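Structure record follows, encoded as structure tokens.
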Amino acid sequence: MSDSSDDLPLSRLNHQTVVRNRAEGVVQISDKGKGTRKKMRRASCHDSGSDGEISAMKRKKMKSAGNLRSGHNESAGNKKVIKPKELMRVQRVEQGIAAFEWWNSPDPPEGKAWQTLEHCGMTFEPQYKPHGVAVLYDGVPISLTPYQEELATFYAAMPEDGPQLNVSGGQREIFQRNFWDDWHKVLGKSHAIKSFDKCDFSDISKHLDRLKFVKRAASDAEKVVARELRDDCQLRSGYAILDDHLEKVGNFRMEPPSLFRGRGKHPKTGVVKLRVEPDQVSINCGASRPPPICLELGRSWGEIKHDDTVTWLSTWHENVMQSNKYVMLAANSSLKGKSDFKKFQKAMQLKGCIERVRHDYHKNLKSKDRHLKQQATTMWLIDTLALRVGGEKSEEEADTVGCCSLRVEHFTFHKTGKDVDLEFLGKDSILFKQSIDFAGFDEHGQQAYDNIREMCRSKKKNEQVFELIEPTSLNAHLSSIMPGLTAKVFRTYNASETLQNQLPDAEHVIEMRSIGDKLIAYNEANRIVAILCNHQRTVSAAAATGLEAQAEKLEQTQEQKIAATAAYEAATIKKREANKSKQAEAHRFSKLPDEKDVSRRIDIWTEKIKKLEIDLRNKEENKEVSLGTSKANYLDPRISVAWCKRCDVPIEKLFSRP
DNA sequence: AAGGGCGACTCAGAAAATTAGTG
DNA sequence: TCACTAATTTTCTGAGTCGCCCT
């Protein structure tokens, strides 16, 4: 922290505070950053929900920005100076934003989301510029109008080995048919191109690959320019002023036109998602503030509204799913932070009455009333397996299910034993596949099993198991037990509760030597939660080969250790021999491999191997599990922060950035 | 007056971008 | 130290949930 910049008082203040906190490992306050920040220190071992702990929950996100870089400033090479300065602009603003303590600021009046709101609307991509590369039809190049070419280019950009085209099960055909339907309309009836099968887009694909290559090969100077342009855009349009403080906007760039990439077997995948113009966008801003200026030359916004009961800044209608899309504040904004906090408060409230809730559905598992019995059984599944509630879906969407929409075909009962296979596609068409030992969960599992078995009997494969239960009625019932309780709260509650239970005790963790070992312990708990929530990721080809490479490296290291061990033995022998003749010719053996040296090297190998083994095991276990989702959405940060404090782990090791 | 539909919000994994690690 | 790669973080936008309004 030796640089002495004098032009940025705000960013410097934060910078120092943050760096200092890092250095001390514990949250401490530097004299300069004082003010009300002291509350942050209070977040502590018990999990009560005081304001001080929200601050901790927020603070974990204030990682040291602007690390490094200061060194460059001192050497006076003119090009080198510009880069760090320019890069800092966005960071400077965001540190300023981070200094705002939203957890100490008053809430807006009941029913209102804000009192004043001012922002810059959205930004738009430039209109399509034709490249002139032809599509081959039956081997013959066909010239296209710019719009026809634009659509062809969308298709050419779809990777052959990507999830849209390289999937068995008919997705590829749906994608191509939907694209062709739309493209064909644009080409017109009398167009030379009459069938999709004879089209060859590969010249355009190659052209796109070339562009990508050029982009990747850009010089440092070119990259700096690109970065500056992006920063300019971010600074011009990426922030809003909500109730008189600055907030980061999440997605202020209009989605570019493309082909709809529905997940799984989506009936609309491949449909053209149209370009959206400024006049199709509605703006929501405070009436007392100037509305945003549309920066597109000669264009204007479709509508300007002043609705202070909602949080969106801009909205537009999307043509493929006929849904509304919104521009909202970023995930780390005060608005989202407060809402996140409420979510975890609700989960903690559920913790307080979970006995009562469980007793309610346990009792009803045996009810004579069919509706009550089904309701209780769905509740058992939601609470035990962390299933989503599963609302009804239209024909225009992929066929995925949740608890209420489970069908007979998703269960497989075996003649022997109590295990049941449950297999279905859930949200995002992610496979849920588990063999479930109902009785193994709790004393009511057996009853749940009997119920499901009975509810499946005399039904067709494609019929719903819980045909009487709908999310609305289930939620209404839950709300009658605890105000505001809905099915999704159980996922939050069970995830956070699981984390709490899985995190090893502080006494145990504190003995671990390295932070790395402690982090592994945390990730272990995180993984169990991710598995509970069925958060998956597909193993990319690159990840798979990376894993192989690492296994190989481990093997190599082991061999090296063996070699080192041999050398050690050799050295010992030599030394012994040397000692014998030492008196006579001591000086000649001065360069003999030192026994201690070799022994130290063996220790290093051993360490290395141990680290590699842990690394590899960790990666192998994590390759199909996505830890990020649960960490970002389900784990109460107060639990993580408290654990970090008890175990002497710096919180920024767990949470990144702003 | 209830239930269906839709508006608004959270949650989700893939892909792109950035940063860290390594030889 | 530099260039390449691997790991991590951010961005992107599709897919859910849920409350409320309207018929």
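Letters go in sequence order (proteins before strands), and every chain restarts at 1. Scope of the values below: all heavy atoms of this structure, side chains included, with no hydrogens, waters or symmetry mates. Bear in mind that the values here come from a model prediction, so they are computed numbers and not experimental data.
By the 6.0 Å and 45° rule, A/Lys631 stacks over the aromatic ring of A/Phe655.
The side chain of A/Arg230 lies closest to C/dC12 when the candidates are C/dC12, B/dC11, B/dA8. The nucleotide whose nearest atom lies closest to any side-chain atom of A/Lys336 is, among B/dT10, C/dA7, C/dT11, B/dT10.
No contact: A/Arg216 has no heavy atom under 4.0 Å from any strand. Nucleic acid contact class of A/Lys215 (heavy atoms, under 4.0 Å, all strands): sugar-phosphate only.
Nucleotide B/dC9 holds its P atom 12 Å from the CH2 atom of A/Trp114, rounded to whole Å. Look at CD on A/Gln234: it is 14 Å from C1' on B/dA17, rounded to the nearest Å. A/Glu303 has its CD atom 13 Å from the P atom of B/dG7, to the nearest Å. If you take CG of A/Asn324 and P of B/dG5, they are 16 Å apart, rounded to a whole angstrom. Rounded to whole Å, atom P of B/dG7 lies 8 Å from atom NE2 of A/His317. Atom CZ of A/Phe490 is separated from atom P of B/dC11 by 16 Å (rounded to the nearest Å). Here B/dC11 presents its P atom at 14 Å from NZ of A/Lys342, a figure rounded to the nearest Å. Rounded to a whole Å, the CH2 atom of A/Trp316 is 14 Å from the C1' atom of B/dA8.
OP1 or OP2 of B/dA12 has not a single side-chain nitrogen or oxygen of A/Thr629 nearer than 4.0 Å. Applying the 4.0 Å criterion to OP1 and OP2 of B/dA14, one finds that A/Thr538 has a side-chain N or O inside that range. When the side-chain nitrogen and oxygen atoms of A/Thr315 are compared with OP1 and OP2 of B/dA8, none of them lie within a distance under 4.0 Å.
Under a 3.5 Å cut-off, the side chain of A/Ser630 and the backbone N or O of A/Val529 do not form any donor-acceptor pair.
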- Message: Using the rule given for salt bridge (charged side-chain N to carboxylate O under 4.0 Å, His left out), can you reason through A/Arg407 versus A/Asp399, listing the C-alpha separation, both sets of side-chain angles and the distance that settles it, and then say yes or no?
- Response: CA-CA 11 Å; A/Arg407 300 188 292 261; A/Asp399 174 23; 2.8 Å; yes
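Between A/Cys533 and A/Tyr326, the one whose closest nucleotide on DNA chain B sits nearer the 5' end is A/Tyr326. Residue order along DNA chain B, read from the 5' end via each residue's closest nucleotide, puts A/Met328 first among A/Ser630 and A/Met328.
Among pairs with a residue in residues 158-170 of chain A, those fulfilling salt bridge (charged side-chain N to carboxylate O under 4.0 Å, His left out) read A/Glu160-A/Arg172, at least two apart in sequence or across chains. Counting only residues at least two apart or on different chains, the ring pair (Phe, Tyr, Trp, His ring centres under 6.0 Å) pairs with a member in residues 251-277 of chain A are A/Phe260-A/His266.
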- In the 5'-to-3' direction, what one-character label does each nucleotide of nucleotides 13-22 of chain C receive under the scheme B = base within less than 4.0 Å of a protein heavy atom, S = sugar-phosphate only, - = no such atom? SBBSSSS---
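A salt bridge links A/Glu396 to A/Lys268: at least one charged side-chain nitrogen sits closer than 4.0 Å to a carboxylate oxygen. A salt bridge links A/Arg227 to A/Asp231: one of the charged nitrogens lies within less than 4.0 Å of a carboxylate oxygen.
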